[in-house]
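First comes the structure, then the notes that go with it.
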Protein chains: 2
Amino acid sequence: MKSTIKDVAKKAGVSIATVSLVMHNHNRISSDTRKKVQKAIKDLSYFPSRSASNLVSKKTGNIGFILTDDHFLRTEPFYTRIFLGTEFEAREGELYILLTTIKSNFSEDDPLPRFILNKSVDGVIIAGKIPKTLINRLTLSNLPIVFVDYIDSSGNYPVVLIDNIQGGILATNHLINYGHKNIAFIGGDIKHPSISERLIGYKKALDTAGINPDPNIISTSYPYPDRQNGYTSAKELFSKNKNITAIFACNDAMAIGAMHYLKDAGYGIPEEVSIIGFDDVEADLMLEPPLTTVRVPKIELGAEAFRLMKSVLEGKSLSAKKILVPVELIVRKSTRDLN
Amino acid sequence: MKSTIKDVAKKAGVSIATVSLVMHNHNRISSDTRKKVQKAIKDLSYFPSRSASNLVSKKTGNIGFILTDDHFLRTEPFYTRIFLGTEFEAREGELYILLTTIKSNFSEDDPLPRFILNKSVDGVIIAGKIPKTLINRLTLSNLPIVFVDYIDSSGNYPVVLIDNIQGGILATNHLINYGHKNIAFIGGDIKHPSISERLIGYKKALDTAGINPDPNIISTSYPYPDRQNGYTSAKELFSKNKNITAIFACNDAMAIGAMHYLKDAGYGIPEEVSIIGFDDVEADLMLEPPLTTVRVPKIELGAEAFRLMKSVLEGKSLSAKKILVPVELIVRKSTRDLN
DNA sequence: TTAGTTCAGTTAAACGTTTAACCGTGGAAT
DNA sequence: ATTCCACGGTTAAACGTTTAACTGAACTAA
């Protein structure tokens, strides 16, 4: 039923090698023959067998995509969007993406993803922060690895990152331009490189504006950046300093949590307190007021990671190329111009 | 570097056929030989090449998993959990899951998922409601199809479903047992089979309790079951009938929307109005009060779908087996006992 | 003793590609 | 006229499995 390269060759009256060469756009073939073959391919709706071609080319044709359970199931679809970007980009080509999750607390004894163990992938894309022990063990497999939105400090890997410093500056400058001076920072986990970079951006912007950042209004000690911790951080911040007029939260989930606190505490948003988030997730638009934020192009991040992986596989790319994806300020209603 | 079946054969001093037979637990092999071979396999950490074995067995070793973008990116991780269940279950075996999304408004002209086009899967799992036109076109490919949490009315396919009627009864009975009589129903889209079944359960429970359902407090005309529509439905319901003391919402997103309305309108939950949802998503616990709901075992649904697919592939299962997965009442704080 | 059967393992073909090496033809250069 | 080369295509080996058919040894039954 399913047609093979032989059927095509017979129908076009050429050898199977010719068909193969046509499939790969090899230029050894005259355009006459090429057309004949292409017609045959179309008529028989021929698709080459992946197994056969992988077998001889010693590729698997798959890319593994690793996420932690937490990230995959996150309420705000952030990493799922990144995955989707990778999938979209892969659709153009021959490679398939094998998605798997690992436990967030992946330990020394947990088995590696099976596509690593039985060598069913040509490379691995890792999205978001994952346990160090996994990275170490992955390295042993000698597979090309590309990181997205996270890079282990020690590692020298190709990576696609958000331009976090720029984002931090963008957000902070927006507030500064709106006349704010007491700008609180809600970071969540300072050990996360993205957060520390956004903090750098924040400080840099403050510095160029000649504002001295009050360490009391910087909160960076909550390990998990969710709504709950956004709420708690905001509460803590206001207990230390009542003069805060604006908050820069390092992701929208924490921003939403902080907004909840502000409402509970009776602060008007943005009349009394302005707030800006980071990520740009759907929920932002449902909020009252809609959240001003820094947009992270999630689909683009995933697509870029795939392209990077491809160029690594083709040997085109230097082994540790870093790509910084720019972010964009999205002004909505949660920040107020004091001028 | 990577060892092949030949290496194992040489090391164990047998033929490659013997190795293959051992790998497949064939009983033609003496336990002595078997042990020798297994040792060699382990020593060389041999894994058979998927390409090679797929090539000869004419399988792809992959299962496609199709979701709409909407479902994949849904704020409440419902279908992503189902996918994860499938992935978990697949991890035990040899099959890989290829996840892809299609546009929710998939039309006649949109291309089929590429794994269908180039025949890279042995079967397809479809989760959630997808456009009819996709189903029709999929059928032409002659691939085994398994549905999860949705079944096209016309179709006679193997399917894993939630026991929606039971769920409807469970939810409604809970409210009845708590002494409620004016129980509103928020369904979203009545054309969705799950919703119509839950409505059946609702009416059945009311009926056995001798309560006559007021058609005015049944809302089933919003196409998309999200928070927004939950809010709107509740508002509408209360504008028609002020005596409602309880709401059964067909998913937690709509329940959350309805809760928002209740709060905005000044109704105490559960003092004045009780509310029960359906699905059991993480967000439920964050709510104030935490939402009583009907738990859908999402991971289990996905796992069951995979098992069903496997048995279909092995020819074990009748072509149109239906599996009903039971649901469970989770009582939290959003419903009040009037007795 | 002989023929048949079972057991445990081997042989070899087949799966559908890719690609290095080869080949024949026609023209260009000498 | 001879040599060379470019062009356009073909041949055939190789990739790593699975499995039907085969083989040889040991045992059984008559």
Side-chain angles (χ1 to χ4, degrees), chain A residues 1-41 44-62 93-96 118-122 313-314, chain B residues 1-41 44-62 94-96 118-120 122 313-314:
Chain A
M1 190 74 285
K2 208 182 142 184
S3 48
T4 75
I5 199 170
K6 278 188 195 164
D7 305 326
V8 177
K10 189 175 292 174
K11 175 142 191 166
V14 296
S15 73
I16 63 165
T18 304
V19 178
S20 179
L21 293 174
V22 169
M23 291 291 299
H24 293 87
N25 299 314
H26 212 286
N27 58 4
R28 207 192 308 179
I29 305 298
S30 72
S31 70
D32 274 11
T33 317
R34 179 181 304 277
K35 270 175 204 144
K36 255 194 325 194
V37 172
Q38 276 163 343
K39 179 162 180 352
I41 288 174
L44 296 173
S45 65
Y46 163 72
F47 284 97
S49 146
R50 291 216 314 143
S51 315
S53 68
N54 290 338
L55 178 57
V56 22
S57 62
K58 293 177 172 282
K59 300 264 167 66
T60 69
N62 298 323
E94 307 289 271
L95 288 164
Y96 281 90
N118 52 33
K119 313 220 186 305
S120 295
V121 294
D122 299 328
L313 290 178
E314 287 162 0
Chain B
M1 191 73 287
K2 210 181 139 184
S3 49
T4 76
I5 198 171
K6 278 187 197 166
D7 304 326
V8 177
K10 189 174 292 174
K11 176 142 191 166
V14 297
S15 74
I16 62 165
T18 303
V19 178
S20 179
L21 293 175
V22 169
M23 291 291 299
H24 293 86
N25 299 313
H26 211 285
N27 58 3
R28 206 189 313 178
I29 305 298
S30 72
S31 70
D32 273 13
T33 318
R34 180 181 302 278
K35 270 175 204 146
K36 255 192 328 190
V37 172
Q38 276 163 343
K39 180 163 178 354
I41 288 175
L44 297 172
S45 65
Y46 163 71
F47 284 96
S49 147
R50 290 216 317 143
S51 315
S53 66
N54 290 338
L55 178 56
V56 24
S57 62
K58 292 179 173 283
K59 299 265 167 65
T60 69
N62 298 323
E94 306 289 270
L95 288 163
Y96 281 90
N118 51 34
K119 313 221 186 303
S120 295
D122 299 328
L313 290 178
E314 288 161 0

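Each chain gets a letter, A, B and so on, in the order the sequences are listed, and its residues count up from 1.
Taking only distance into account, the side chain of Arg28(A) meets the base of dT10(D) through a donor-acceptor pair shorter than 3.5 Å.
Between the side chains of Asn118(A) and Ser120(A), at least one donor N or O sits under 3.5 Å from an acceptor N or O.
With sequence neighbours left out, Lys39(B) forms a salt bridge (Lys or Arg N to Asp or Glu O under 4.0 Å) with Asp43(B). Partners of Ala12(A) by side-chain contact (heavy atoms from CB on, under 4.5 Å), not counting sequence neighbours, listed by chain and number: Val14(A), Val37(A), Ala40(A). Residues passing the salt bridge (Lys or Arg N to Asp or Glu O under 4.0 Å) test with Lys58(B): none are found, sequence neighbours excluded.
At whole-Å resolution of the value, NZ in Lys6(A) and C1' in dA12(D) are 13 Å apart. The distance between atom CD1 of Ile5(A) and atom P of dT11(D), rounded to the nearest whole Å, is 14 Å. Distance, Ile41(A) CD1 to dG16(C) P: 16 Å, rounded to whole Å. Summarising the geometry, the separation between CG on Asn118(A) and P on dT17(D) is reported as 12 Å, rounded to the nearest angstrom. Computed from coordinates, the Arg34(A) CZ to dC7(D) P distance equals 14 Å when rounded to whole Å. Spacing between atom CG of Asp7(A) and atom C1' of dT17(C) amounts to 13 Å, rounded to whole angstrom units.
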All N/O donor-acceptor pairs, side-chain side in residues 47-56 of chain B, below 3.5 Å, sequence neighbours left out:
from, atom 1, to, atom 2, distance (Å)
Ser49(B), OG, Ser51(B), N, 3.4
Ser49(B), OG, Ala52(B), N, 3.0
Arg50(B), NH1, Gly61(B), O, 3.3
Arg50(B), NH2, Asn62(B), OD1, 3.3
Ser53(B), OG, Ser49(B), O, 3.4
Ser53(B), OG, Arg50(B), O, 3.3
Asn54(B), ND2, Arg50(B), O, 3.1
Asn54(B), ND2, Thr60(B), O, 3.1

Between Leu95(B) and Leu313(B), is a side-chain contact (heavy atoms from CB on, under 4.5 Å) present by the stated rule, with each step listed?
CA-CA 11 Å; Leu95(B) 288 163; Leu313(B) 290 178; 4.3 Å; yes

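Non-hydrogen atoms lying under 4.0 Å from DNA chain D are contributed by Leu55(A), Val56(A), Lys58(A), all within residues 44-62 of chain A. Residues from residues 15-27 of chain B with heavy atoms under 4.0 angstrom of DNA chain D, sorted by number: Ile16(B), Ala17(B), Ser20(B), His24(B).
Within the 4.5 Å cutoff, the side chain of Leu21(A) has no heavy atoms near those of the Arg34(A) side chain.
Residue Tyr46(A) comes nearest to Ile5(A) through the heavy atom pair CE1-N, 3.4 Å, listed as atom of the first residue, atom of the second, then distance.
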